[in-house]
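Quick notes on the structure that follows.
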Amino acid sequence: MAMDEEEALTALFPRQVEIDPLVHSLREAGISEAQISIMTPLPLSERASLRLGSMPLYVITIMAGLVGIAIGIFFAGGTAAMYPLMTGGKPIVGAPIVGIISYETMMLFAIVVTFITSVVTIKRAHRGVTQRDSRVDDGYVMARVSLSSTSTARIALIRNLLQRAGSLEIQIESSQKARETQSGKAIAVVLAAMCLIHGCSRDMQEQPSYEPQEAPRLHSPLGAVPRDSRAVITGSLELSMSEGVNLFRINCSHCHGTTGRGNGPAAAYLKEKPADLHNPEVQTLSDSALYDVLTRGKDVMPPFRGELSAKERRSIVAYVKSLPMLEKPANQQ
Amino acid sequence: MASGQANWNEMPAINRDLLAPLQGAGLGYLLLVVLLAAMVAAGAGAWFYQIETGIGRTNMHPPIFWGAYIASFVYWIGVSHSGTFISGVLRLSKAQWRRPITRIAELMTIISVTIAALCVFYHLGRVWRWYYLIPYPNQREIWPDFRSPLMWDATAVFTYATASSIYLYLPLIPDFALARDRIGGWRRWCYSILCLGWKGTQREWETLNTAIRIITPLIVMVMISVHSIVGWDFGMSLVPGWHSSIIAPYFVVGAVHSGLGMVMVGLYFVRRTYRLEAYIRPEHFDKMGKLLIVTTLSLAYLYFADQLTVWYGNIPDHMAILHAMVSGLYAPPFWTMIVLIYLIPLSTLTIPSFRRWPLGMMVVGIGINLGMYIERMLIIVPPLSRPRLTYNWSSYFPSWGELTILLGSLALAVLLYVLAVKFVPIISIWEEKEGRMSAGGHG
């Protein structure tokens with residue numbers, strides 16, 4: 001708590017007052033410009049070159065804009081750098097997009113920071129000015145002169161000057177202002193808010209996704225009868241090779257390539273290269289092991305349990321097994 | 001201020017006139033509020049029904065996956081350009097006649113942006129999953145698609161909404177201080193907080209003027225970016241009829257066109273209801289009319305240039321859409337639009353005496369807005385309904401549910417405006433005074 005002792009003269013003037021001579025005479029009496037506040041219903045000059053200390057307001061705007069650009073680049077460009085996922089041959093966030101998003105964040109920061117600075121400046125500008133006659137809005141003019149030395153002679157001098165300028169009413173306020181530090185309050189509010197935020201649901205962070213190496217979810221109980229044929233094949237199995245070829249093209253060829261060599265168009269963008277299906281490591285696997293990979297997925301390969309029925313998966317397995325045989329004649333040529 | 005002193009005596013009268021709309025509410029006002037509230041309730045009910053039963057309640061279906069909600073979003077974002085354009089561009093060019101119009105237009109801006117945001121939520125379907133739209137780090141590393149213009153759109157609209165709230169609020173501070181001293185009740189409490197303890201010292205005025213001067217050009221730049229990006233929502237796709245490099249300026253000019261039309265409607269009703277003939281004079285309608293001629297001609301030029309290129313290129317899938325609009329299924333709305341947004345404004349606003357006739361200008365303003373709404377629908381529906389493969393060509397008209405929701409949101413916009421008039425001085429009082437004093441001062 002800082003204590004300020006101060007004495008101030010507040011004078012109300014009629015509409016026809018000339019402000020400039022009054023300010024001039026006050027300056028001559030040794031009153032600095034900072035001690036004089038003239039309150040009017042509209043700006044007396046169109047001057048709009050506010051400085052905070054020695055810094056023009058627009059410099060703050062520009063700096064905020066630069067921070068905004070940096071934040072835009074950090075989020076948009078940072079996403080591009082951290083997640084180098086190529087979609088359709090383009091990075092997830094291209095350079096023009098970083099530009100567009102940074103443009104918007106630049107504007108956002110420039111405008112919001114300018115606004116906040118102005119609000120704070122307005123609040124500070126009338127600190128100590130406690131009174132304002134509502135007649136000011138009717139065209140009257142109010143002048144407030146704050147005095148640091150409170151000798152009665154000086155007060156009389158100023159009062160005299162104000163009266164000569166045509167003042168209608170003059171009031172003397174002597175105030176002991178107790179300036180409370182508001183920052184303490186603000187910190188308390190922010191802390192309280194942070195405590196509340198902690199109570200928010202954390203569902204989003206803890207969503208039940210499948211972890212690597214996690215044990216498989218429970219299968220259906222033994223002897224349970226499936227409602228459709230997604231998981232279990234009932235009856236005899238007739239696999240058609242053409243179905244396997246088609247399904248392989250639709251579901252597998254993006255990564256594994258149309259010939260199964262692991263060189264599909266998407267392969268270049270994958271962190272882990274897809275398997276070459278001609279590789280003996282793959283070909284020596286049993287049908288059911290391949291079927292299992294297809295069903296549950298492996299590494300970056302997604303599970304096809306939901307996409308393909310058991311019969312369709314079997315057809316693809318049969319096709320994959322036949323790949324070396326299909327390619328042999330081509331090699332011999 | 002040396003010479004304009006006689007005018008300072010007018011100030012009590014100006015205060016009285018411009019604060020009068022804030023005071024009292026007649027029976028007509030209350031009835032209007034009740035009627036609008038009922039319409040809003042109907043819209044809310046329809047929305048609740050849609051949430052409850054699913055987005056299938058709309059008439060959207062493949063291949064038309066965007067419908068009236070998105071058209072309304074584009075439309076309302078367009079209307080929101082009214083405030084920023086009038087206030088921003090005219091402030092920049094120091095046009096004195098802007099003074100009684102700025103606040104009316106800025107209020108429209110903020111309300112339209114709100115309604116536009118609401119339209120996105122109507123369209124979402126499973127609206128309780130709205131937070132999927134936000135880029136936040138999560139375990140599955142699912143990110144919204146930054147390459148999608150919808151993502152840029154969200155950024156731009158957020159910036160615009162924030163900036164235009166600030167832009168509405170800044171010049172309001174001295175007016176709130178004035179209202180604080182003269183209006184009692186619960187509003188006094190609000191005003192005393194909102195006016196930041198405004199005293200009217202010269203340093204406060206200079207701060208305010210500086211802030212407005214800095215923010216004005218910035219907000220004009222944001223305004224242009226917003227509707228450009230809304231245009232790119234369409235232009236970035238390869239859909240015939242959307243994929244056009246001219247679409248961003250076309251959208252911006254179209255937005256200003258409908259915004260100006262809407263301000264005309266607002267001006268007319270504010271002036272008539274609150275007897276503000278001394279402040280909103282025929283010359284204001286005249287000046288607005290001239291601006292509208294500029295936007296009409298620019299818009300017509302851009303539209304013609306765009307369609308001419310399509311026609312001369314004669315690419316079959318593009319021509320399918322042009323034919324559907326000019327002479328096919330969509331011909332009636334298409335020609336209605338041409339008449340409403342080009343022909344009527346051009347044939348009326350070019351007559352000087354018409355421009356000074358408030359009622360006529362209001363009717364033209366409504367026509368323009370109706371036409372621009374049809375135009376938004378025509379941007380969305382025909383290109384979507386004529387995909388390159390013809391097997392699912394289709395058409396679309398909004399369902400009853402959609403219409404009820406959208407009418408409800410229109411009612412909400414009007415209701416918010418009608419309520420705002422009772423809280424915010426509808427003409428910027430200090431700027432009006434400043435204009436009169438400086439006019440007096442300089443002869």
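Every chain is numbered from 1 and lettered A, B, ... according to where its sequence line falls, protein lines coming before strand lines. Both backbone and side-chain heavy atoms feed into the values below; hydrogens, waters and symmetry mates do not.
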Please list every donor-acceptor pair under 3.5 Å in which a side-chain atom of residues 189-196 of chain B meets a protein atom from a residue at least two apart or in another chain.
{"from": "Tyr191(B)", "atom 1": "OH", "to": "Phe423(B)", "atom 2": "O", "distance (Å)": "2.6"}
{"from": "Ser192(B)", "atom 1": "OG", "to": "Arg188(B)", "atom 2": "O", "distance (Å)": "3.3"}
{"from": "Ser192(B)", "atom 1": "OG", "to": "Trp189(B)", "atom 2": "O", "distance (Å)": "2.8"}

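For residues 228-236 of chain B, the interface with chain A (any heavy-atom pair closer than 4.5 Å) comprises Ile229(B), Trp232(B), sorted by residue number. Proximity to chain B at a heavy-atom threshold of 4.5 Å picks out Leu57(A), Tyr58(A), Thr61(A) from residues 57-73 of chain A, in numerical order.
Within the structure, ring-ring contact (aromatic ring centres under 6.0 Å, His included) contacts touching residues 200-227 of chain B (residues at least two apart or in different chains) are His81(B)-His227(B), Trp198(B)-Trp205(B), Trp205(B)-Trp430(B), His227(B)-Phe251(B).
No part of Phe109(A) comes within reach of chain B, as not one of its non-hydrogen atoms sits under 4.5 angstrom from that chain. When heavy atoms are compared at a cutoff of 4.5 Å, Leu178(B) approaches chain A by way of both its backbone and its side chain. Contacts of Arg124(A) with chain B are absent, with no heavy-atom separation under 4.5 Å from either backbone or side chain. Residue contact with chain A, scored on non-hydrogen atoms closer than 4.5 Å, involves the side chain of Tyr169(B) exclusively. Both the backbone and the side chain of Ile122(A) come within contact range of chain B, judged by heavy atoms closer than 4.5 Å. Contact annotation for Pro12(B): both backbone and side-chain heavy atoms come within less than 4.5 Å of a heavy atom of chain A. The contact between Ile173(B) and chain A is made entirely by side chain atoms (from C-beta outward), counting heavy-atom distances below 4.5 Å.
Contact count against chain A (heavy-atom pairs under 4.5 Å) is highest for Ile215(B) among Ile14(B), Leu170(B), Thr155(B), Ile215(B). Note on Asp20(A), Val119(A), Leu42(A), Thr117(A): by heavy-atom pairs under 4.5 Å with chain B, the leading option is Leu42(A). When Ala13(B), Ala163(B), Ala211(B), Ser225(B) are compared by the number of non-hydrogen pairs under 4.5 Å with chain A, Ser225(B) comes out ahead. Most heavy-atom pairs under 4.5 Å with chain A, from the set Asn209(B), Thr162(B), Asp181(B), Thr159(B): that is Thr159(B).
Nearest heavy-atom pair, Lys433(B) versus Pro41(A), reported as atom, atom and distance to 0.1 Å: NZ-CB, 4.2 Å. Residues Val222(B) and Glu104(A) approach most closely at CG1-OE1, 4.4 Å, considering heavy atoms.
With salt bridges taken as basic N to acidic carboxylate O contacts below 4.0 Å, one links Asp138(A) and Arg182(B).
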query: Stepwise, does the side-chain contact (heavy atoms from CB on, under 4.5 Å) test hold for Gln202(B) with Thr40(A)?
result: CA-CA 8 Å; Gln202(B) 295 313 301; Thr40(A) 49; 2.7 Å; yes

message: Quick one, Met11(B) with Tyr140(A), criterion side-chain contact (heavy atoms from CB on, under 4.5 Å). Give me CA distance, side-chain angles, the key distance, then yes/no.
response: CA-CA 9 Å; Met11(B) 280 191 190; Tyr140(A) 287 60; over 6 Å; no

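Contact annotation: the side chain of Pro43(A) approaches that of Glu434(B) to within less than 4.5 Å [non-hydrogen atoms, C-beta and beyond]. Annotation: side chain of Val136(A) is not in contact with side chain of Lys199(B) (no heavy-atom distance under 4.5 Å).
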